[in-house]
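Counting convention: from 1, in listed order, for ligands and their atoms alike.
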Amino acid sequence: MDKPKLHLVVIPLLAQGHMIPMADLSLLLAARGARISLITTPLNAIRLRGVANVAADSGLPLRLVELPFPCADAGLPVGCENVDLIPREDLFTPFFKSLNLLAEPLKLYLRAEPTGPTCIIADQCMPWAIDVACDLGLPRFVFQAPSCFFLLCTLNLSRHNFYQSATNWREPFTVPELPDGVGRFQVTKLTAQRFFDWPGQDVVQRHVEKAEAAADGIVLNTFEALEPWCVQDYRRAAGKEVWPVGPVSGFHKDLAGKASRGSDRGYIYASGAAKWLEGRMQGSVMFVSFGSISLTRMRQMVEIGEGLAAMGRPFIWAVKQAVKPAEKSEVGERWLSEFEKRTEGRGLVIRGWAPQALILNHPAVAGFVTHCGWNSTVEAVEAGVVMATWPHLADQFLNETLVVEVLGIGVRVGVKSPAYHLWGEEEVVLVGREMVRSAVERVMDGGMEGDERRRRAAELGEKARKAMEGGGSSFDNLNCLIEHATKLAAMKNFSM
Ligand code: UDP
């Protein structure tokens, strides 16, 4: 009888910036012969259908496992199954609490599996899943969604009591013990925030740290040549195996694959964007997008639009407008339609989900105004695209430092602190139209410095692609991860 395949159970946080890279990771692992159970909930399964289709078309053993999401038990409105579906700020805490309720259905699923799971790979933000692995005696790995630079900085800051002792959120502090080659940087509690550094979440933060300590290894969506000094130091500091296996988006080579990420209707969006980009001059287009969670309010939206209108270059702008539940979206929509008419032929406005991987990899696209979410950053690196950085929250400020100061492939738009209070009465404009225009000009042109940034970006893009090929560092690290999982499972005496 054939030996059953290695069965890996992959558990992403229910947020696009986590589901997308962990779905890519699942495809990569399935392509090496592992059987994958990708754990999700019914509404999120719809978004992951594209990935399941890619797997099915390629004959890869990937299965979506839908656990019922207990919205009502957690006091959440029906359908509140993803971070980008949380309608009010006060529901963030119940949402993250409700994730723990997935533990029992997960255990039931794992116990009922005839061949048994080999190991669990859980998102850092799903520490309860590591508890499940411990309860069942399974090997467990943590997937860290941020950059290694962010992880190392925040680990060092934590070890120097920064989070516990700094009382002033704006007080500058130099990140301690960074390796040579990285430089010296100052942060504040606002710009070095970890995922759960917000009021009332210290219990979750401690749970995350405990789960990390209990993990058998850490998986990262980066590659050794991008942040070599950080990977080495982080490996040492974490005291366990650390495998950078990215950029995981590198799994997708064609339009269908790139379009499958994050939406079941991606193919339709991707075909439209590809058509618009067809025939555009190489390296002429600017792409503007702030990821899956950050929304833009009306006044800020107008400033971005006017900045883009003033710069005179072709652009694609993915707009996710913030509309308060009690507000009407018509004013914003009217303005956007008028803006589209004014910039017709030169600009493409995408409302909602944009086929980002496809856009970034198109030869016509040269620059990216980004919020520095780590997936967006590493996707831009892979595509060899230079960035104008506009961090909004969490790890994004440290990712900006990495892009601008360490790697030299971006320019700052000029934002100094996070934009919270999305639904507050006060609409704050952080970046005026002139700042937008000037950042875009600097990143798309920028004289000799601009040429040097583009040269470095192209070089890193090449290294990113090489890392994923046979014999590349990420390719090899993925093999090591699989070998380690197999060895641990055998030691723990699980059916293989
Ligand atoms: N993304 C996309 N289309 C969009 C918005 C986001 O394809 O309109 C993808 C993007 O390519 C990336 C992920 O969603 O893979 C966003 O992750 P990131 O870490 O950049 O930011 P977050 O959404 O977590 O803030």
Check each of Gly291, Ser292, Ala394 against atom 23 (O) of ligand 1 and report the one with the nearest heavy atom. Ser292
Would you say the side-chain atoms of [X] and [Y] include a donor-acceptor pair closer than 3.5 Å?
X      : Y      : value
Gln321 : Glu333 : no
Ser292 : Gln16  : no
Glu66  : Asn44  : no

Passes salt bridge (Lys or Arg N to Asp or Glu O under 4.0 Å), Arg261 versus Glu379? Steps please. CA-CA 12 Å; Arg261 303 174 84 233; Glu379 287 160 20; 3.1 Å; yes
Return yes when atom NZ of Lys189 has more than 12 non-hydrogen atoms of other residues, nucleotides or ligands closer than 6.0 Å, and no otherwise. yes
Ligand 1 versus Asn375, non-hydrogen atoms closer than 4.0 Å: side chain, backbone, both, neither? both
Part of His371 with heavy atoms under 4.0 Å of ligand 1, whether side chain, backbone, both or neither: side chain
Minimum-distance protein heavy atom relative to [atom]:
atom                    : answer
atom 3 (N) of ligand 1  : Ala354 O, 2.6 Å
atom 1 (N) of ligand 1  : Trp353 CH2, 3.3 Å
atom 16 (C) of ligand 1 : Gly17 CA, 4.0 Å
atom 20 (O) of ligand 1 : Ser376 OG, 2.5 Å
atom 15 (O) of ligand 1 : Glu379 OE2, 2.6 Å
atom 14 (O) of ligand 1 : Ile20 CD1, 3.4 Å

Ligand 1 contacted by Lys320 (non-hydrogen, < 4.0 Å): yes
Does the residue Ser249 have a heavy-atom contact with ligand 1, meaning some pair of atoms that are separated by less than 4.0 Å? no
Does Arg194 pair with Glu209 as a salt bridge, N-O distance under 4.0 Å? yes
Looking only at atom types and distance, does a side-chain atom of Gln396 sit under 3.5 Å from a main-chain N or O of His392, one as donor and one as acceptor? yes
Using a strict cut-off of 4.0 Å, indicate which atoms of ligand 1 neighbour a heavy atom of [X].
X      : value
Gly373 : 18 (P), 19 (O), 20 (O), 21 (O)
Gly352 : 8 (O)
Trp374 : 19 (O)

Backbone or side-chain N or O of Ser289 under 3.5 Å from ligand 1 N or O: no
Centroid-centroid distance, Trp243 to Phe141, less than 6.0 Å: yes
So SG of Cys372 and CG of Leu402: to nearest 0.5 Å the spacing works out to 9.5 Å
Can you tell me how the ring of Phe315 sits relative to the ring of Phe339, calling it parallel under 30°, perpendicular over 60° and tilted otherwise? tilted
